[in-house]
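If you're wondering where the values come from, they're calculated on a predicted model, not measured in any experiment.
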Amino acid sequence: MFEELLRRRNGKLVLALEMFHRDDQPHLDAYSAGDISQGQLADEVRLWSNHRDAYEPLLQLARSWSAPVVGSNFPRSLLRRFASEGARVYESLTADERRLVPDRLFPNTDAHWRRVDNATRGHSGMMGASNDPDARLYSVQSLWDNAMGDACVPAVDDHPGHLVLHVNGGFHSAYGDGVVQQVRSREPTAELKTVAITPSISPATVRLTGTPAADYTAVVEARATNFEQGRRSVAVSRDVEYVLHTPDDRTANAPLPLLIWLADEGLTAEEVLPLCRKRYGDEALVVVVEAPHRMVGPDRATGGRCFRQDSFAEDIGVLTVGVERIWAYVSRHFDVDQSRVCLAGEGEGATVVAAIAARTDRIGVEAVAIQPERYSKLTDLPLLLPEMYAAGVLPKRSLTVVAPAQEQSFWTKELDQYASAGVDTAFIAADLHTSSF
């Protein structure tokens with residue numbers, strides 16, 4: 001995008017980057033002018049870990065076109081002071097420091113904070129913000145958004161006839177909030193367009209649902225990731241396998257209920273299916289989803305694991321998409337009673353069930369999570385917010401958790417948040433090691 005915009009506008013483009021702070025500007029200017037090398041820039045500026053792969057090409061392209069580069073983020077040297085001391089920091093700033101910060105901070109919208117709270121719900125206080133509007137204004141999230149929005153306005157004034165391309169993490173400009181709203185607060189007549197970049201293994205099958213996050217969405221093929229925490233990766237597809245039981249003596253033209261089951265760790269789909277068939281017989285279509293990670297148990301038997309702790313979010317994402325596609329395929333080829341779709345599981349599978357119930361926008365489902373295991377990371381996952389969808393669009397979803405009484409405190413808090421996201425919830429105290437459900 002940057003390269004094509006440079007070509008179309010004959011180089012009249014300003015590149016503004018979240019990845020650099022306002023107090024980095026002298027070093028950015030020196031690099032853009034060719035006065036210092038990439039290595040010297042790295043000596044002077046704390047570069048992001050993936051700078052070489054992700055952002056250095058942008059700087060090189062800007063330098064080849066003599067395009068100005070602006071570091072837009074809040075000055076790192078002052079961030080902690082503002083976040084901890086608030087408005088009174090303005091009184092102690094030197095003249096040079098005052099030039100690095102916005103003259104005025106504008107509040108973000110309530111809708112923006114709702115999404116922030118949802119994205120960080122397992123790390124309350126991580127962004128340094130409480131529910132108090134004044135505290136929110138001087139939180140790290142607000143300081144970032146204010147600084148980036150404030151940097152874009154003078155960039156236009158300082159370079160007449162230029163377009164400003166601001167590059168930031170998608171959350172900072174999603175739904176016209178964050179940086180976008182901060183620009184509008186300072187320059188209401190500014191002409192703004194936003195672009196969301198959505199990577200996908202299969203762009204042709206991506207469904208864009210709910211409120212658009214940007215004016216334009218670019219669905220791009222996910223091929224690789226650059227340096228992050230010591231590793232790089234290439235993207236490949238991963239199958240989610242399952243086995244299906246169809247009743248032998250089903251009544252003609254009678255839709256059948258559908259059970260989608262996720263088993264506990266150590267079990268294969270083939271091992272679990274006979275148990276489901278014994279329990280439900282020919283009353284339902286039964287799908288048992290194979291756990292994507294193979295494992296060898298203490299008895300040396302090969303089984304499956306639904307997720308690993310170090311890849312919890314990614315594994316939940318894979319299984320959510322997998323279950324949605326399994327439901328779609330079975331519904332297309334079999335006569336499913338869509339009012340009687342149950343998603344259930346036990347142990348690790350139950351944890352996946354709880355995650356999917358709050359995140360699917362496709363399946364109208366009654367979910368039952370039986371004695372979930374290793375579930376603490378559920379709080380790290382954002383929930384699907386119903387206000388981002390038109391009324392009546394989201395399917396009806398419910399979640400019942402069956403777990404020992406000593407786990408009720410965790411689940412009460414978690415299910416309260418699920419309920420606020422439009423999921424009907426219930427908790428049943430039962431220790432399945434000593435009783436039956």
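- Atom CZ of Phe74 sits about 10.0 Å away from atom CG of Asp150, to the nearest 0.5 Å.
- Checked by atom type and distance alone, the side chain of Ser311 never pairs as donor or acceptor with a backbone atom of Glu314 at under 3.5 Å.
- Between Asp177 and Arg114 there is no salt bridge, since no side-chain nitrogen of the basic residue lies less than 4.0 Å from a carboxylate oxygen of the acidic one.
- For the residue pair Asn146 / Arg104, no side-chain donor-acceptor distance below 3.5 Å is found, with atom types taken as modelled.
- By the 4.5 Å heavy-atom criterion applied to side chains, Leu59 and Leu28 are counted as neighbours.
- The shortest distance between side-chain heavy atoms of Leu343 and Leu262 falls below 4.5 Å.
- Atom CG of Asp310 is surrounded by more than 12 heavy atoms from other residues, nucleotides or ligands within 6.0 Å.
- Of the candidates Gln309, His293, Arg305, Asp315 forms a side-chain hydrogen bond (donor to acceptor under 3.5 Å, both in side chains) with just one, namely His293.
- Here the side chain of Ser84 pairs a donor or acceptor atom with the backbone of Arg80 at under 3.5 angstrom.
- Contact record, Gly364 with Val341: O-CB, 3.7 Å, taken as the closest heavy-atom pair.
- Counting non-hydrogen atoms of neighbouring residues, nucleotides and ligands closer than 6.0 angstrom, the CZ atom of Arg63 exceeds 12 such neighbours.
- At least one side-chain heavy atom of Met1 sits less than 4.5 Å from a side-chain heavy atom of Ile197.
- Classification of Arg136 and Asp110 as a salt-bridged pair fails, no side-chain N sitting under 4.0 Å from a carboxylate O.
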Extract all donor-acceptor atom pairs below 3.5 Å that involve side chains of residues 208-224 and protein atoms in other chains or at least two apart in sequence.
{"residue": "Thr209", "atom": "OG1", "partner": "Asp361", "partner atom": "OD2", "Å": "2.6"}
{"residue": "Thr209", "atom": "OG1", "partner": "Tyr389", "partner atom": "OH", "Å": "3.4"}
{"residue": "Thr211", "atom": "OG1", "partner": "Met388", "partner atom": "O", "Å": "2.8"}
{"residue": "Asp215", "atom": "OD2", "partner": "Thr194", "partner atom": "N", "Å": "2.9"}
{"residue": "Asp215", "atom": "OD2", "partner": "Thr194", "partner atom": "OG1", "Å": "3.3"}
{"residue": "Glu221", "atom": "OE1", "partner": "Arg223", "partner atom": "NE", "Å": "3.4"}
{"residue": "Glu221", "atom": "OE1", "partner": "Arg223", "partner atom": "NH2", "Å": "3.4"}

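- The pair Glu387-Arg115 fails the salt-bridge criterion, with no side-chain N (NZ, NE, NH1 or NH2) lying under 4.0 Å from an Asp/Glu carboxylate O.
- When side chains are defined from C-beta on, Trp327 counts as touching Gln338, because their heavy atoms get closer than 4.5 Å.
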| field | Stepwise side chain to side chain contact (heavy atoms under 4.5 Å, CB included) test for Val272 and Trp261 | value | CA-CA 9 Å; Val272 175; Trp261 183 271; 3.5 Å; yes
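- Residues passing the side-chain hydrogen bond (donor to acceptor under 3.5 Å, both in side chains) test with Arg52, sequence neighbours excluded: none.
- One side chain, Glu56 or Gln60, offers a donor N or O that lies under 3.5 Å from an acceptor on the other.
- Enclosure of atom CD in Glu4 by more than 12 non-hydrogen atoms of other residues, nucleotides or ligands within 6.0 angstrom is indicated.
- Heavy-atom contacts from other residues, nucleotides or ligands closer than 6.0 Å to CZ of Arg76 number more than 12.
- The minimum heavy-atom distance linking Leu6 with Ala67 is given by the pair CD2-CB, 4.0 Å.
- Between the Asn118 side chain and the Pro382 main chain, no donor and acceptor come within less than 3.5 Å of each other.
- Remark: side-chain polar atoms of Thr351 are paired, donor with acceptor, to backbone N or O of Glu373 under 3.5 angstrom.
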| query | side chain to side chain donor-acceptor pair (under 3.5 Å) between Thr189 and Glu187: does it pass, once the steps are laid out? | reply | CA-CA 6 Å; Thr189 62; Glu187 189 58 62; 3.1 Å; yes
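- Distance CG/Leu13 to CH2/Trp65: 10.0 Å, rounded to 0.5 Å.
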| Criterion side chain to side chain contact (heavy atoms under 4.5 Å, CB included) on Asp424 and Lys396, from CA distance to verdict | CA-CA 8 Å; Asp424 294 334; Lys396 183 174 178 59; 2.5 Å; yes
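- A donor-acceptor pair under 3.5 Å links the side-chain atoms of Ser420 to the main chain of Gln417, judged by distance alone.
- In terms of modelled atom types and a separation under 3.5 Å, the side chain of Glu348 and the main chain of Glu265 share no donor-acceptor contact.
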| request: Could you check Glu290 against Val243 for side chain to side chain contact (heavy atoms under 4.5 Å, CB included), going step by step and ending with a plain yes or no? | output: CA-CA 8 Å; Glu290 182 74 12; Val243 294; over 6 Å; no
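- The distance from atom CG of Leu378 to atom CH2 of Trp411, rounded to the nearest 0.5 Å, is 5.0 Å.
- Although no hydrogens or angles enter the test, the distance criterion places a donor-acceptor pair under 3.5 Å between the side chain of Asp132 and the main chain of Asp134.
- Summarising the geometry, atom CG belonging to Leu258 is positioned 8.5 Å from atom CG belonging to Leu244; distances are rounded to the nearest 0.5 Å.
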| request: Report the C-alpha separation of Arg81 and Glu97 in whole Å, then their side-chain angles, then the decisive distance to 0.1 Å, and conclude whether the salt bridge (charged side-chain N to carboxylate O under 4.0 Å, His left out) test is met. | output: CA-CA 12 Å; Arg81 284 173 59 189; Glu97 289 174 332; 3.7 Å; yes
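- The closest donor-acceptor contact from the side chain of Ser185 to the backbone of Gln181 lies under 3.5 Å.
- A heavy-atom distance below 4.5 Å is found between the side chains of Pro102 and Arg22.
- By the 4.5 Å heavy-atom criterion applied to side chains, Thr268 and Arg294 are counted as neighbours.
- Distance OG/Ser142 to CZ/Phe82: 11.0 Å, rounded to 0.5 Å.
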| message | I'd like to know whether Arg121 forms a salt bridge (charged side-chain N to carboxylate O under 4.0 Å, His left out) with Glu414, so could you lay out the CA-CA distance, the side-chain angles of the two residues, the decisive distance to 0.1 Å, and finally the verdict. | response | CA-CA 10 Å; Arg121 66 190 191 90; Glu414 186 71 355; 2.7 Å; yes
If you look only at distance, which donor and acceptor atoms sit under 3.5 Å apart when one is on a side chain in residues 160-173 and the other is two or more places apart or in another chain?
{"residue": "His162", "atom": "ND1", "partner": "His159", "partner atom": "O", "Å": "3.4"}
{"residue": "His162", "atom": "ND1", "partner": "Pro160", "partner atom": "O", "Å": "3.2"}
{"residue": "His166", "atom": "ND1", "partner": "Asn168", "partner atom": "OD1", "Å": "2.8"}
{"residue": "His166", "atom": "NE2", "partner": "Ser72", "partner atom": "OG", "Å": "2.8"}
{"residue": "Asn168", "atom": "ND2", "partner": "Ser173", "partner atom": "OG", "Å": "3.2"}
{"residue": "His172", "atom": "ND1", "partner": "Asp145", "partner atom": "OD1", "Å": "2.7"}
{"residue": "His172", "atom": "NE2", "partner": "Glu18", "partner atom": "OE2", "Å": "3.3"}

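- Between the side chain of Tyr418 and the main chain of Ala354, a donor-acceptor pair closer than 3.5 Å is present.
- A cation-pi contact, defined as under 6.0 Å to the ring centre and within 45° of the axis, is absent between Arg186 and Phe106.
- Between Phe410 and Pro372, every side-chain heavy-atom pair lies at or beyond the 4.5 Å cut-off.
- Counting only distance, with no hydrogens or angles, the side chain of Arg359 and the backbone of Ala355 share a donor-acceptor pair below 3.5 Å.
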| said: Show, in sequence, the C-alpha distance, side-chain angles and deciding distance for His51 and Phe20, and conclude whether the side chain to side chain contact (heavy atoms under 4.5 Å, CB included) test is met. | reply: CA-CA 10 Å; His51 172 82; Phe20 291 91; 3.7 Å; yes
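- Salt bridge Glu324/Arg207: absent, no basic N to carboxylate O contact under 4.0 Å.
- In this structure, Gln25 and Val70 have side chains that are in contact, with non-hydrogen atoms separated by less than 4.5 Å.
- Rounding to the nearest 0.5 Å places CG of Asp337 at 10.5 Å from OG of Ser331.
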